[in-house]
Protein chains: 2
Amino acid sequence: MGSVYTETPTAGPAAPLRAGERAYRQLRGEILDGILPPGTGLLEIEQSARIGVSRTPLRAAIARLIADGLVAGRPGRGFIVTEMNVDSIRELYEVRRALEEHAARIAADRRDPAVFLALRDQFLAAPALLAQGETGLHRYYDLIDEFDDAVAAAVANPFLVGALATVRTHLARIRRLARGNPDRLRSAAAEHLLIIDAIIAGDTSLAAHATHVHLQQSLTNVLAAIQGQPTGPVA
Amino acid sequence: MGSVYTETPTAGPAAPLRAGERAYRQLRGEILDGILPPGTGLLEIEQSARIGVSRTPLRAAIARLIADGLVAGRPGRGFIVTEMNVDSIRELYEVRRALEEHAARIAADRRDPAVFLALRDQFLAAPALLAQGETGLHRYYDLIDEFDDAVAAAVANPFLVGALATVRTHLARIRRLARGNPDRLRSAAAEHLLIIDAIIAGDTSLAAHATHVHLQQSLTNVLAAIQGQPTGPVA
DNA sequence: CGAGCATTCTATGTATACATAGGAGCTTCA
DNA sequence: TGAAGCTCCTATGTATACATAGAATGCTCG
């Protein structure tokens, strides 16, 4: 196994990244992007050869993916990428609703107004962003992430943030299906604005209800998108 | 190393249990029971020698404990049992409230009345149970588990049940601190009865509110118990 | 006597060799 | 021809040897 560090040692943004971490991120990304569709069998030897790490760190990576719920496996019979059907999506949104409503409530109570005022301005500019094509779309998704991060920071609860992170992981797999619906994204931006306004105002109840509405709309849209294309597109 | 299977091959209740699984269960149990108190350093070599497995399955076990949030570790600097202070307890209950309220709501909507009617009878007998000393206490805790399982079965949502399982794991560490308060346990049984009645009646709102009340009472009791004995007793 | 540096030691990270169990496919017998 | 049994093969489970990075400690120099 030749040079593991093909890149210059000083190039990385931080540490050169361990083999197990690399394997985890790559597999996770490929599952989330649909490159490894649900049902795909993950063979240790095959995957370790493909990614370029030995079996030991690859096993660690798969163990983490199992903990994430992205991979399932029976002992002695291999591992497969977990399925993501309509029922799973409904179930996921059920948990998401509980957690995000609670988070919104807490965020409205503990928020730093300045942070959300800045976000408000950015969301006001979202419709213009969405008119800019692919790059604008990317920046819009980054904005959503910023919002989620701001809520997480306001909540300041490792358990809640962790549970939300788990939900968001699975959500990333779903989002791919409903991508590219400008009308929906514009509506979503407006819904986010409502939530942000409620948080700024410190109105816990309104923040929770606005979040509820937003998630219900989101779920409806996702389910409709899936009706359109029964089985997700796969490379 | 010599015979891993000291016991007769046909003795085990099921499969002989893998080394990694054994290590995981033992370490998890010891952390939950406080035998390995927060802050304890888990050295791979030391622990693998103690438990009697090699480093590879022990690493897998520690990886699972990290996913559970029971162990934390900086890469290259070892692993330690996570702390559990008053703030963590408050944060845990915050998430617990969100999840259990939602679960109670759903359970009230989807429940099988017969299951909860049976539980109702058992909880009615709880005060008598609590008068029976240690064995009665044990059976009481089993009854709580039965209730939790019944709610989980009614909810029928793997994501929500999984999130609840995570919370319950950490809760087990806390419960040890507040153990042995008969008055509180009698009150808790009465609170559970209220929740069960609401679920039987299909009253989603009441089930959620009764759960909220119960958890608030539970948190208050736990915090009071900790005030009494600042740092938990350790073997 | 204090601070900086080199050395050593320890614990994790990684790779590989071996053990084992489960399944697929083939052969054989009825 | 079909079904049952056996064999081989493959993939995971486990153990161990080696690489490496970080920290603690002791030494030396100012």
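Numbered from 1 within each chain, the chains take letters A, B, ... in sequence-line order.
In plain terms, the two heavy atoms of B:Leu99 and B:Leu160 that are nearest each other are CD2-CD1, 3.6 Å.
No side-chain donor-acceptor contact under 3.5 Å links A:His102 to the backbone of A:Ala98.
Rounded to whole angstrom, the span from the CZ atom of A:Phe79 across to the C1' atom of D:dT10 amounts to 14 Å. In this structure, A:Arg18 atom CZ and D:dA19 atom P are separated by 19 Å, rounded to whole Å. D:dT12 atom C1' lies 8 Å from atom CD1 of A:Ile45, rounded to whole Å. Put simply, CD on A:Gln47 is 15 Å from C1' on D:dT12, counting in whole angstrom units. The interatomic distance linking B:Glu21 (CD) with D:dT12 (P) rounds to 18 Å, in whole Å. Spacing between atom CD of A:Glu46 and atom P of D:dT10 amounts to 13 Å, rounded to whole angstrom units. B:Leu43 has its CG atom 12 Å from the P atom of C:dG13, to the nearest Å.
Between B:Leu185 and B:Leu137 the shortest side-chain heavy-atom distance falls below 4.5 Å.
Checking B:Arg173 against B:Ser88 by side-chain atom types alone, no donor-acceptor pair falls below 3.5 Å.
Contacts of residues 55-67 of chain A with DNA chain D (heavy atom under 4.0 Å): A:Arg55, A:Arg59.
Taking the nucleotide of DNA chain C with the nearest heavy atom to each of A:Ser54 and B:Glu44, the more 5' of the two is matched to B:Glu44.
The aromatic rings of A:His192 and A:Phe123 sit parallel, their planes meeting at an angle under 30°, below the 60° perpendicular limit.
Using a cutoff of 4.0 Å between basic side-chain nitrogens and carboxylate oxygens, A:Arg105 and A:Glu101 are not scored as salt-bridged.
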